[in-house]
Amino acid sequence: MNPLADRATTLTPSLTLAIDAKAKKLKADGVDVAGFGAGEPDFDTPQHIKDAAIAALNAGFTKYTPSSGTPELRAAIAEKLKTENGLDYKPSQVIVNCGAKHSCYNAIIATCNPGDEVLIPAPFWLSYPEMVKLAGATPVIVPTSEANGFKITPEQFRDAMTPATKMIILNSPGNPTGSVYTREELLALAEVAVEEEILILSDEIYEKITYDGAVSTSIAGLSKEIYDLTITVNGFSKAYSMTGWRLGYIAAPVGIAAAIDSIQSHSTSNPTSFAQKGALAGLKGDQSFIGEMVKAFNGRREYMYDRLTKIPGITCVKPMGAFYVLPNISSFGLGSADFCDKLLDQQKVACVPGIAFGSDAHMRLSYACSMENITKGLDRIEAFCVGLAK
Ligand SMILES: *Cc1c(COP(=O)(O)O)cnc(C)c1O
């Protein structure tokens, strides 16, 4: 008897786990590892957000809330989506979930059937294909080009489509690519989606983290037809440095929102009550924290991009958002897992192999870490690459 369900055995074990485990072991043994693996801001959650959650706890706000979130938080999110993103959602169309990862999962589970295909531009956030598989649907990976800044074109979208295509997942600003789609680019993609009636899952978790004047656009706001096909996902983890709080949300057309509400009511129920009070304070309070964080990220981004592109053999698309760079390391003739493994063994630098994101030509470096770590790590990466080129 196999105790496991098919869906549990079709998941791809995380390729990054082995390297991550090795890096952690080295660190525990006292080795000075330069780590670029972080997937979360290295800033503390702002104090006024913590204070609101603490006050909620002390006031006894420790019981179930409505499964889709407190009415005040859903209203505040609807208000935010209106004023900041130009999106018209009623509070009833907003469902608060246990992290934006959970939002994506719920959105896929609520809409995709076995046999449905879901288009995922690569390099992609590694959970998307696995979520699609958990829904019994089929992930269809669409490689993008560096020349186009890792962004899928309308032609690539059209070419990847079959009668079974149900959804496309867009993530702008993107992890791991750092790419930010312009309004025009999104409009062109949306036209294809509308023509063929394809749902759009728009993961906008990095919307606040952009550089050089790049602006995150919410695709659902581009027309009524697009709105009707789009599930907008966002959350608090990245903008407010609240990864451990587990709060994200979806905003969707009425029918989809109701389905997600129902699914959530029978699985996780509400996200943590007092965490929701913290998030509310985040939305309503002083936003200056975000600007300061993005400024710090930008200094690190400029430095890393500059250093990486000076290393012979490395090319790099300049990231316009999020907090990752994705240098191309293919000229060294090693697969990305092999490259990252050797880099860790020889120089004690931990990076994430691109193969985990569907691109073996790259590796991902996060700059959600100290400048000291970045300087040290880049010295070592440079030495490693010079050694390989010999
Ligand atoms: C971090 C991240 C998320 C979600 O984070 P949560 O902590 O679950 O809110 C979603 N999408 C992408 C692309 C991310 O990098």
Side-chain angles (χ1 to χ4, degrees), residues 14 16 36-43 45 49 69 73 77 80 94-109 118 120-132 134 139 141 144 150-152 167-181 200-210 216 218-219 231-251 260 264 267-268 270-272 275-276 278-279 282-283 290 293-294 297 319-326 352 354 356-359 364-369:
S14 175
T16 59
F36 289 106
E40 57 183 348
D42 55 319
F43 298 89
T45 306
I49 296 177
L73 181 57
I77 291 168
K80 175 250 181 266
V94 174
I95 315 289
V96 189
N97 322 103
C98 308
K101 181 180 275 185
H102 185 224
S103 312
C104 292
Y105 178 76
N106 278 350
I108 291 167
I109 284 288
V118 176
I120 304 173
F124 48 75
W125 186 45
L126 46 88
S127 290
Y128 298 139
E130 307 309 315
M131 290 173 177
V132 170
L134 281 171
I141 307 304
T144 61
F150 295 116
K151 293 185 267 196
I152 187 171
M167 173 186 272
I168 181 167
I169 301 180
L170 296 177
N171 172 215
S172 172
N175 170 12
T177 59
S179 52
V180 181
Y181 286 75
I200 301 168
L201 175 56
S202 179
D203 180 349
E204 302 175 12
I205 190 82
Y206 292 100
E207 70 162 338
K208 303 277 190 192
I209 306 174
T210 60
S216 170
S218 292
I219 193 168
I231 304 170
T232 302
V233 167
N234 207 329
F236 299 90
S237 287
K238 308 292 157 61
Y240 298 98
S241 202
M242 291 173 68
T243 45
W245 294 61
R246 310 311 305 133
L247 280 175
Y249 54 87
I250 64 110
I260 292 172
Q264 181 154 304
S267 47
T268 57
N270 64 277
T272 303
Q276 293 186 62
L283 282 181
I290 301 172
M293 177 175 69
V294 172
F297 282 149
M320 299 303 283
F323 40 72
Y324 311 97
V325 270
L326 198 68
V352 186
F357 312 108
S359 177
R364 189 189 77 176
L365 285 75
S366 161
Y367 42 93
C369 55

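We count ligands from 1, going down the list as the structure has it; atoms in each ligand are counted the same way. Worth knowing before you read on, the calculation uses all heavy atoms, side chains too, and leaves out hydrogens, waters and symmetry mates. Note that this is a predicted model, so its numbers are computed, not measured.
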Subject >> E204 and S216: side chain donor to acceptor below 3.5 Å >> reply: no
Original post:
Are a donor atom and an acceptor atom from the side chains of K238 and Y206 found within less than 3.5 Å of each other?
Top reply: yes
Original post:
Taking NZ, NE, NH1 and NH2 as the nitrogens, is one of them in K80 or E207 under 4.0 Å from a carboxylate oxygen of the other?
Top reply: yes
Subject >> Listed partners of E40 passing salt bridge (Lys or Arg N to Asp or Glu O under 4.0 Å), at least two apart >> reply: none
**OP:** Heavy atoms only: give me the nearest P41-M293 pair and the separation to one decimal.
**Re:** CB-SD, 4.0 Å
Original post:
Do the ring planes of F297 and F43 sit parallel (below 30°), tilted (30 to 60°) or perpendicular (above 60°)?
Top reply: perpendicular
Subject >> Set of residues that line ligand 1, where lining means a heavy atom lies under 4.0 Å from it >> reply: G99, A100, K101, W125, Y128, N171, N175, D203, I205, Y206, S237, K238, R246
